[in-house]
Amino acid sequence: MTTPLSSRYRLVAVIFVVAMLIFAITRTLLAFMSPVDAELDLSTVMAVYAGGLLYDIAFFGYALIPVNLYLLLLPERLWHSWANRWWVRLCCFAVIYGLLFIVVAEILFWLEFQVRFNFISVDYLVYRREVTNNILESYPVFTILFVLLFITAGIYRLAMPFIEQGLEQYESLRRRSVFALILWLLPLVSYVLLDSNLRDIPNNHYQKELLSNGPYQFFAAFRNNELEYSGFYFTLDDQQASMILRKEVLEANAHYSDNELFSIRRQIKNDKAVGDRLNIMLVMIESLNANALTHFGGKRRLTPYLDGLLQKSLSFDRFYAVGTRTTRGLEAVTLSIPPTPGRSIVKRLGRESDMWSLGNVLAAQGYDVAFHYGGFGYFDNMNAFFSGNGYRIVDRSSVPDEMIGFANAWGMSDEYLYTAALASADEAFVQGKPFFYHIMTTSNHRPYTYPSGRIDIPSGSGRHGAIKYTDWAIGDFIERARSKPWFDSTLFVFMSDHTAGSAGKMALPVRKYHIPFFIYSPRYIKAQHVDKIASQIDVAPTLLALLGVDYTSNFFGKDILSMRAEDERALIGNYQHLGLYTKGLLSIISPKKILSQQIKPEDKESLVIAADKDDISMQRALAYYQGGSYIYGHHLNQWVAPSNIKGVADPHD
């Protein structure tokens, strides 16, 4: 007797059941791994599983499109051939193995970022060498793959009778067409009716992620790497936004060059230099939270050298990263521009160069400007970005192998990176040139390995050991620098690129963007703590003010030391949500033109309310981000070498 499942399409039913069970198991495991902040009561769990099932089915429908074509079009003679039978068996086994592999991948990704797959996972595929080596050095990969093979074999054995029944079926093309049409409706309905609206119903970040489907989010990330601001976000009238922005970024010691729409090009006059043509060593530390330091509440005493150095420095105690990735920190410090939605400017191939940068400004002042990176600078397009914006590159490929005593998947250990920077500084000093070196470390990153014998925590033991090694390497760097003739005339700047983990209950948990930023120069900088709210876009103007440099600016940031209380703010965001943080209030701009605010965002528990577009803080936020998108899109921050500095060439010539 012919039944609805008397069809080769019963294979789809078998894999569907397996896939839905595996997706549910994944969601369950991630739920158990979620912190208390996830607030998972019975009703929430039921809603998460119900909504998640829709995303699971949608992904299955999309993935089924090529399978559907194969099942529909393959003639009966070939369907019953020996080759097809083994091909189908192999494909079913591979699909089950692939689904189990996704479970492991999602768990590891969750441990690192507390989210399902997103644009970060897409980017990681581009840099397979670093990512693959990092995974191999961090986890027992081959053991995991071998265990998955055994689990797959067990599941396949249970499913095998149904698979064999599907392989034995005979049916006409007309009957197959009915099944094919029904299955093609699934992705069509999903495309029309299902988008991120369902995912955005929970206000809790963890609930949003648990409701999602990892593979679905992975493919959705391909089109979310860059978002058109005007199409996805609420906008003010351009004239109004321009007026607010120009008022917002104008310093007391500056005047505008023109009155064009959104033009923030202005002349800055700095007459309070701490010293004459001082050097700058700007060290950006990988993934260092402010609370790793004792001054900010750290309890483990992993940073004894930094703890002591901070007390001898000019420290900015309420300082925040603009984003959650290294490229965001590099972008903000270098260009002093708000984070634009989607991927960082650093990674926008063909549109990452010739902008108003800290490097270009100092190169025009006669400085030797370089970007020093512990890894290979092609990663995240860093070489193209920095070389296109006034910097020469010193990365792992330009340091002789004999000078690198230890390296892992991400690059040479920090101490060898600092050795290369010291050598560059010595060469610039001999040539009589001041220098500005932007140094990006890698050691405080999984797999957390470093040379043995440096600290009392074994290499590869985890993040605590990497933090302590990071601290040791900085201490070694400063003590070696003390013997240099250029030490007294150098500003040593230390900050993090972002924190080790930025996920939280809220979309933008302010506390998890808090990073250290301090400047050490015992001869020129008086030790003090500055309690003003600021972020990484303010680094360039602050350093240039300390140098006493007069310059033309296209920067969005301000000199923190000259900020008035009403000017204090920090711009923070992720790849979708954009925020302006002021004391007691975080104004957030989200896709689909949603405006919201968090009351007392510094607290662990924060009230979220819908925001009015006429609210002053919200208008400030809109002006910053709308202006940033307009200025970048219209090339208003394109670098133009100053003509009033004699004898200094355009660094791009």
Side-chain angles (χ1 to χ4, degrees), residues 278-288 292-293 302-310 312-313 326 329-330 333 368-377 382 386 391-408 410-430 434-445 448-455 459 465-497 516-522:
L278 299 178
N279 310 304
I280 300 176
M281 285 277 197
L282 192 164
V283 178
M284 187 168 275
I285 306 166
E286 172 69 42
S287 305
L288 184 68
L293 278 65
L302 298 172
T303 57
Y305 193 89
L306 285 174
D307 290 334
L309 196 65
L310 184 144
K312 303 171 186 176
S313 303
T326 297
L330 295 174
V333 170
D368 178 38
V369 176
F371 173 64
H372 286 71
Y373 179 53
F376 294 105
M382 287 186 282
F386 280 99
Y391 298 72
R392 63 182 177 85
I393 306 298
V394 181
D395 69 351
R396 183 174 172 180
S397 65
S398 25
V399 177
D401 290 343
E402 58 269 19
M403 289 182 60
I404 303 175
F406 187 94
N408 62 22
W410 291 108
M412 54 183 148
S413 294
D414 290 356
E415 61 190 272
Y416 304 107
L417 171 64
Y418 295 139
T419 297
L422 291 170
S424 292
D426 289 341
E427 186 176 346
F429 179 78
V430 170
F435 56 81
F436 164 54
Y437 298 149
H438 189 151
I439 305 167
M440 181 69 230
T441 74
T442 61
S443 289
N444 190 30
H445 192 295
Y448 310 125
T449 54
Y450 39 82
S452 60
R454 303 298 192 257
I455 59 171
S459 172
I467 292 174
K468 195 163 188 178
Y469 170 74
T470 293
D471 178 77
W472 177 91
I474 289 174
D476 178 67
F477 169 51
I478 292 294
E479 297 312 311
R480 283 191 284 164
R482 286 190 197 279
S483 64
K484 304 294 184 180
W486 45 261
F487 175 82
D488 284 342
S489 56
T490 300
L491 304 181
F492 293 89
V493 182
F494 297 95
M495 79 176 71
S496 178
D497 57 348
F517 170 38
F518 57 93
I519 303 171
Y520 174 69
S521 182

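These numbers were taken from a predicted model, which means no experiment stands behind them.
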- Task: Return the minimal non-hydrogen interatomic distance between Met281 and Ala421, and the atom names on each side.
- Result: CE-O, 3.7 Å
- Task: Answer yes or no: is there a side-chain heavy-atom contact under 4.5 Å between Tyr373 and Ile393?
- Result: no
- Message: Please report the interatomic distance OG(Ser443) to CE(Met412), rounded to the nearest 0.5 Å.
- Response: 10.0 Å
- Task: Look up atom OG in Ser521 and atom CG in Leu491, then write down how far apart they are to the nearest 0.5 Å.
- Result: 5.0 Å
- Those residues that, when tested against Glu286, pass salt bridge (Lys or Arg N to Asp or Glu O under 4.0 Å) (two or more places apart): none
- Message: Please report the interatomic distance CH2(Trp472) to OG(Ser413), rounded to the nearest 0.5 Å.
- Response: 9.5 Å
- Query: Quick one: does Pro522's side chain get under 4.5 Å of Lys312's, heavy atoms only?
  - Reply: no
- Item | Tyr418 OH to Ile478 CD1 distance, which is reported to the nearest 0.5 Å | 8.5 Å
- Between CD1 on residue Ile455 and OH on residue Tyr469, distance to nearest 0.5 Å: 9.0 Å
- Ser287/Asn444 under side-chain hydrogen bond (donor to acceptor under 3.5 Å, both in side chains): CA gap, chis, key distance, verdict: CA-CA 6 Å; Ser287 305; Asn444 190 30; 5.3 Å; no
- Message: Please check: side-chain N/O of Ser496 versus main-chain N/O of Leu288, any donor-acceptor pairing under 3.5 Å?
- Response: yes
- Query: Is there side-chain contact between Phe406 and Tyr416, with heavy atoms separated by less than 4.5 Å?
  - Reply: yes
- Would you say the ring centroid of Phe371 lies under 6.0 angstrom from that of Tyr391? no
- Task: Quick one: pull up CG in Leu310 and OG1 in Thr303 and give me the separation to the nearest 0.5 Å.
- Result: 9.0 Å
- Item | Basic-acidic side-chain contact under 4.0 Å: Asp368, Arg392 | yes
